[in-house]
2 protein chains.
Amino acid sequence: MDRQTTAKTHTMRALVELRKRILDGAIPGGTRLFEVALADDLQISRTPVREAMSRLAEEGLLERARNGGFLVRSFAYADVLDTIELRGVLEGTAARLAAERGASEKALKEISAIVRALDGCVGVHPDEVDFETYSELNSEFHDALAALPRSATLERELARAKQLPFASPSAFLPDKTKLSDFRRSLQVAQEQHREIVTAIARRQGSRAEALTREHACAARRNLEYIFSRDRNLVSTVPGLALVAPNDPALP
Amino acid sequence: MDRQTTAKTHTMRALVELRKRILDGAIPGGTRLFEVALADDLQISRTPVREAMSRLAEEGLLERARNGGFLVRSFAYADVLDTIELRGVLEGTAARLAAERGASEKALKEISAIVRALDGCVGVHPDEVDFETYSELNSEFHDALAALPRSATLERELARAKQLPFASPSAFLPDKTKLSDFRRSLQVAQEQHREIVTAIARRQGSRAEALTREHACAARRNLEYIFSRDRNLVSTVPGLALVAPNDPALP
DNA sequence: GATCCGTTCTATGTATACATTAGGCGTTCC
DNA sequence: GGAACGCCTAATGTATACATAGAACGGATC
């Protein structure tokens, strides 16, 4: 982590620090960022600070204000839901196109290997599930899925969509402490992983798309659970702290 | 147009000029842009040139190179197809969500008014079709559609997707000179506009989505027509000049 | 002859002084 | 008293000098 903070350039340091503060909720949504104040605060000159803000705008964490300058983007609860929905739609499209266009044998073997590795994580006794490994393999699965249709355009947009921390496929994976409660949902998700790959291999585009969309709904369910039952968990999901806490639409 | 070139700030001038050169194909895809050379060429200092490049990266026309600097993004024929597909998928999602969540009476009335106005353009004698008006109303329809589900997230991403000139819903509208040849396709498109709105009003989410996706396929057909039959038209579609001319995948 | 190290050059990274503009606040005139 | 004009200030916009890092080339040594 210190490696990041001690990144090569001042721009990178500013980028990492700002991103951290925004995701922490330390800088609330809607805040206007003033170059001079920020530069002063970060002990970095205006130029790299501007550059960092520009990159954060590309990431979607900031938006450009009308007369220059940047605002911290604010995310309402509904926005998080929509972001998850969007990710599901894009991943569904990746699955459908992979099926329709035909994925390469090699790529199919690779994603199948990931699924088998995930099987190893899920099938055993709940207490033995290796959270870190599962989370990593899950990310790998979703990256491999995005690459299957060999569409640079789609892969790029999907990467963009997954960039917001609460839209990442691994964002709502159960915390270690809650893992056993979620064991059933992990098994369901894993069954979906398996069938998505099967559908793609069999060129069942529509089924692959539907399965993948449904798969994304798990994230939605976990989000709803967190906000309606166990608000303490908000702090365990990266970036969820920046979701407007006073949102009237919160359940 | 001169208003743009004489934009307020140097950044804007650089932005407009660079965008123009890229869309013209004057700067081919893959070209690395050097700050100093560009600044010298545009008679603007490095700072606003950098800022302009940064914004073009947000737009998707440039990409950041590994060790700093920017490359002009190169679009193969397949990328254009995928971009259209992506726009169709996102618009389809907008239509489905509008149907599922229910669009407001007011918004439905507004989009219906646009459809009626379009009827006025299409229904008459081919020679009387007002190209400018049709094109403008068509854009309005697609903007209204994007706004129907009242999802800031989706509307934002859709705006992004439509930003690339060849992904815009009006990109492949028939040129004035070819208008009569395309009259039938205009009528089909207009029928789709009507039924998309009907499906949304009746809360038929799946139908609305399918219709909207199909509607985007018209752009794909026009693109294929241009590249396989009438290459001269390439210059009539904004931004199509930047598509890699030596693409082996071209039909 | 090949490899490794150093130098140099060229590109971006950074700081900062100065320019400019837009928006707020006050004053003045009607 | 209200509106309009103008100034002032605080923000971004711009230019530029200087720093630095990475790649390429050359020389020297093994």
Side-chain angles (χ1 to χ4, degrees), chain A residues 2-22 26-74, chain B residues 2-22 26-74:
Chain A
D2 196 51
R3 285 289 301 280
Q4 299 273 49
T5 317
T6 325
K8 290 185 256 284
T9 64
H10 287 173
T11 300
M12 285 306 174
R13 273 193 284 282
L15 181 67
V16 169
E17 177 63 22
L18 264 180
R19 190 194 287 125
K20 178 176 156 295
R21 292 193 190 178
I22 293 169
I27 312 181
T31 307
R32 175 152 186 182
L33 298 180
F34 296 105
E35 284 180 13
V36 201
L38 251 182
D40 190 55
D41 188 12
L42 299 172
Q43 293 288 312
I44 294 176
S45 83
R46 280 173 61 206
T47 312
V49 168
R50 248 179 115 125
E51 175 71 17
M53 290 196 293
S54 178
R55 284 173 191 246
L56 285 171
E58 279 180 61
E59 264 182 50
L61 287 179
L62 298 182
E63 53 191 348
R64 290 182 188 273
R66 44 213 156 52
N67 283 326
F70 295 85
L71 301 175
V72 177
R73 214 171 133 196
S74 52
Chain B
D2 195 52
R3 286 287 304 279
Q4 298 272 50
T5 318
T6 326
K8 291 184 258 283
T9 63
H10 288 174
T11 300
M12 283 308 173
R13 275 194 282 283
L15 181 66
V16 170
E17 176 63 22
L18 265 180
R19 190 195 285 126
K20 180 176 154 294
R21 292 191 190 180
I22 293 169
I27 311 181
T31 307
R32 176 153 185 181
L33 297 180
F34 295 105
E35 283 181 14
V36 199
L38 250 182
D40 190 54
D41 188 13
L42 298 173
Q43 293 286 315
I44 294 174
S45 82
R46 281 173 59 203
T47 312
V49 168
R50 249 179 114 126
E51 175 71 17
M53 291 196 293
S54 177
R55 283 173 192 244
L56 285 171
E58 278 179 62
E59 265 183 46
L61 287 179
L62 298 182
E63 52 191 350
R64 290 183 190 272
R66 40 205 162 58
N67 282 327
F70 294 85
L71 301 176
V72 177
R73 211 170 136 197
S74 53

Quick one: the side chain of B:Arg66 and the base of D:dG22, do they pair up donor-acceptor inside 3.5 Å?
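No such pair is found, so the answer is no.
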For B:Phe34 and B:Thr47, take the nucleotide of DNA chain C holding the closest heavy atom to each; which residue's nucleotide lies nearer the 5' end?
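Looking at DNA chain C, the more 5' nearest nucleotide goes with B:Phe34.
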Out of [options], which nucleotide sits closest to the side chain of [X]?
X: A:Ile44; options: D:dG13, C:dA15, D:dA15; answer: C:dA15
X: B:Asn67; options: D:dG22, C:dT12, D:dT14; answer: D:dG22
X: A:Arg50; options: D:dG13, C:dA15, D:dA15; answer: D:dG13
X: B:Arg46; options: D:dA17, C:dG23, C:dT16; answer: D:dA17

Rounding to an integer number of Å, can you tell me how far [X] [atom1] sits from [N] [atom2]?
X: B:Leu38; N: C:dA11; atom1: CG; atom2: P; answer: 12 Å
X: A:Glu51; N: C:dT16; atom1: CD; atom2: P; answer: 18 Å
X: B:Lys8; N: D:dT12; atom1: NZ; atom2: P; answer: 17 Å
X: B:Glu35; N: D:dA19; atom1: CD; atom2: P; answer: 18 Å
X: B:Asp40; N: C:dT10; atom1: CG; atom2: P; answer: 15 Å
X: B:Met12; N: C:dT21; atom1: CE; atom2: C1'; answer: 14 Å
X: A:Leu62; N: D:dT12; atom1: CG; atom2: C1'; answer: 16 Å

Side-chain N or O of A:His10 versus OP1/OP2 of C:dA15: is the shortest distance under 4.0 Å?
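So the side-chain polar atoms of A:His10 do come within 4.0 Å of the phosphate oxygens OP1 or OP2 of C:dA15, strictly under.
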Within the pair B:Thr9 and C:dT20, is there a side-chain N or O less than 4.0 Å away from OP1 or OP2?
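For C:dT20, OP1/OP2 do not have a side-chain N/O of B:Thr9 under 4.0 Å.
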Between NE2 on residue A:His10 and CG on residue A:Leu42, distance to nearest 0.5 Å:
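Reported to 0.5 Å precision, the distance equals 11.0 Å.
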Taking A:Arg73 for the side chain and A:Gly60 for the main chain, is one N or O donor matched with an acceptor at less than 3.5 Å?
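Yes; judged by distance alone, with no hydrogens or angles, the pair exists.
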Looking at B:Arg64 and B:Ser54, what are the two nearest heavy atoms and their distance?
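In this case the closest contact between B:Arg64 and B:Ser54 is NH2-OG, 3.4 Å.
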Between A:Arg55 and A:Glu51, is there a salt bridge with N-O shorter than 4.0 Å?
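Between A:Arg55 and A:Glu51 there is a salt bridge, with a charged N closer than 4.0 Å to a carboxylate O.
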Close side-chain approach of B:Glu59 and B:Leu56, heavy atoms under 4.5 Å
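Yes - at least one pair of side-chain heavy atoms lies under 4.5 Å apart.
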